[in-house]
Amino acid sequence: MTSPKDGFAIHADAILKAVTPKTRGIIINSPCNPTGALISEGEFRTIAEFCGQRDISLVVDLCYERLIYDPVPHNLPKILAELCPEQAVICGSASKAYAMTGWRCGWTIGPAKMVAACNAIQSHATSNVNSITQKAVVEALNGVQTPVKAMLDEYRTRRDNLYGWLTADPRIKCLKPAGAFYMFPDISDAMAAGGFKTSIDFAQALLDEKRVAVTPGEAFDSPGFIRMSYATSMENLKEGSRRLVEFVQARAGAPAAAAR
Ligand SMILES: Cc1ncc(COP(=O)(O)O)c(C=O)c1O
């Protein structure tokens, strides 16, 4: 479990403490959905070293890897190659950096045996990635990358604006994510003041009354939080935040500072 107190940092010792003799794999997602946090290279090294000395796979979901806002060291594949090449499985996707969600194309890089097993499941579960999609994704990966940079800049502006709009009410506590495109505010104060017992109730009432859709934190084992995606237009984000703040103030009253 991560905490907003240290920016939802992933700590290797918390993960390794949970390992039992039955553990077959560890999954790390960085940048993380829903918090946008990155694992530090140091913490990642500890986990990779641990897996490298055992028969435990280290599955690393890097689907938001191209959406990191500031230049920080985050070369996880290099660490895998160095410390646990036989246990490493990297997962990527065209959905996020290239906005190709509907094309349904992802990939796995790992030991041949593991990739063959993935193929066996994939071919019976969802069939195959069609040839047109494969060509399009090769073009996305090998083509000019300026649109990715332009979109990252746009996401950064959306993140900063959304942060400002939401924190206009101090009972919506946000951290600026380091990557991906989700804000994960702590709304526990707004819930308490508004008489909500769960973030599911909060999200349902927000949807019913204001037509704003958010994902309740319970979906991520984090009651008291909601996840908001900013992979939508600036206008939608501005109007959605306005309605969210209006909803909180209608249910919970004006924030203390404004009420004085
Ligand atoms: C962490 C993470 N991994 C993987 C995916 C899967 O993306 P897709 O199935 O579109 O490739 C998502 C989508 O939201 C995600 O957040």
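Because the structure is predicted, anything quoted here is derived from the model rather than measured. Counting starts at 1 for both ligands and their atoms, in listed order.
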Discussion item. Tell me the protein heavy atom at minimum distance from atom 11 (O) of ligand 1, and give that distance in Å.
Written reply: Ser93 OG, 2.6 Å

Worksheet item: Is there a donor-acceptor pair under 3.5 Å between the side chain of Glu239 and the backbone N or O of Met234?
Response: no

Worksheet, complete the sentence: the protein heavy atom lying closest to atom 10 (O) of ligand 1 turns out to be Ser95 OG, 2.6 Å

Discussion item. Can you confirm, on distance only, whether ligand 1 has an N/O atom lying under 3.5 Å from any N/O atom belonging to Asn29?
Written reply: no

Item to complete: Quick one: look up the protein heavy atom nearest atom 13 (C) of ligand 1 and list residue, atom name and how far away it is.
Response: Lys96 NZ, 2.7 Å

Worksheet item: Below 4.0 angstrom, N of the basic side chain to O of the carboxylate: do Glu65 and Lys96 qualify?
Response: no

Discussion item. Can you tell whether the side chains of Asp153 and Lys149 come within less than 4.0 Å, N to carboxylate O?
Written reply: yes

Worksheet item: So is there a nitrogen or oxygen of Thr101 less than 3.5 Å from a nitrogen or oxygen in ligand 1?
Response: no

Item to complete: Return yes when Cys63 approaches ligand 1 closer than 4.0 angstrom through a heavy atom, no otherwise.
Response: yes

Worksheet item: Nearest protein heavy atom to atom 2 (C) of ligand 1, by residue and atom, and its distance?
Response: Asp61 OD2, 3.3 Å

Fill in: Closest protein heavy atom (residue, atom, distance) for atom 15 (C) of ligand 1
Tyr64 OH, 3.6 Å

Worksheet, complete the sentence: When distances are taken from atom 9 (O) of ligand 1, the protein heavy atom at minimum range is Arg104 NH2, 2.7 Å

Worksheet item: Are any of the side-chain nitrogens in Arg243 or Glu209 under 4.0 Å away from the carboxylate oxygens of its partner?
Response: no

Worksheet entry | Electrostatic pair Glu246:Arg242 at N-O distance under 4.0 angstrom | yes

Practice prompt. State whether the side chain of Arg158 and the backbone N or O of Tyr230 hold a donor-acceptor pair below 3.5 Å, judged by distance alone.
Written response: yes

Item to complete: Return the orientation label for the Phe225 and Phe184 ring planes: parallel under 30°, perpendicular over 60°, tilted otherwise.
Response: parallel

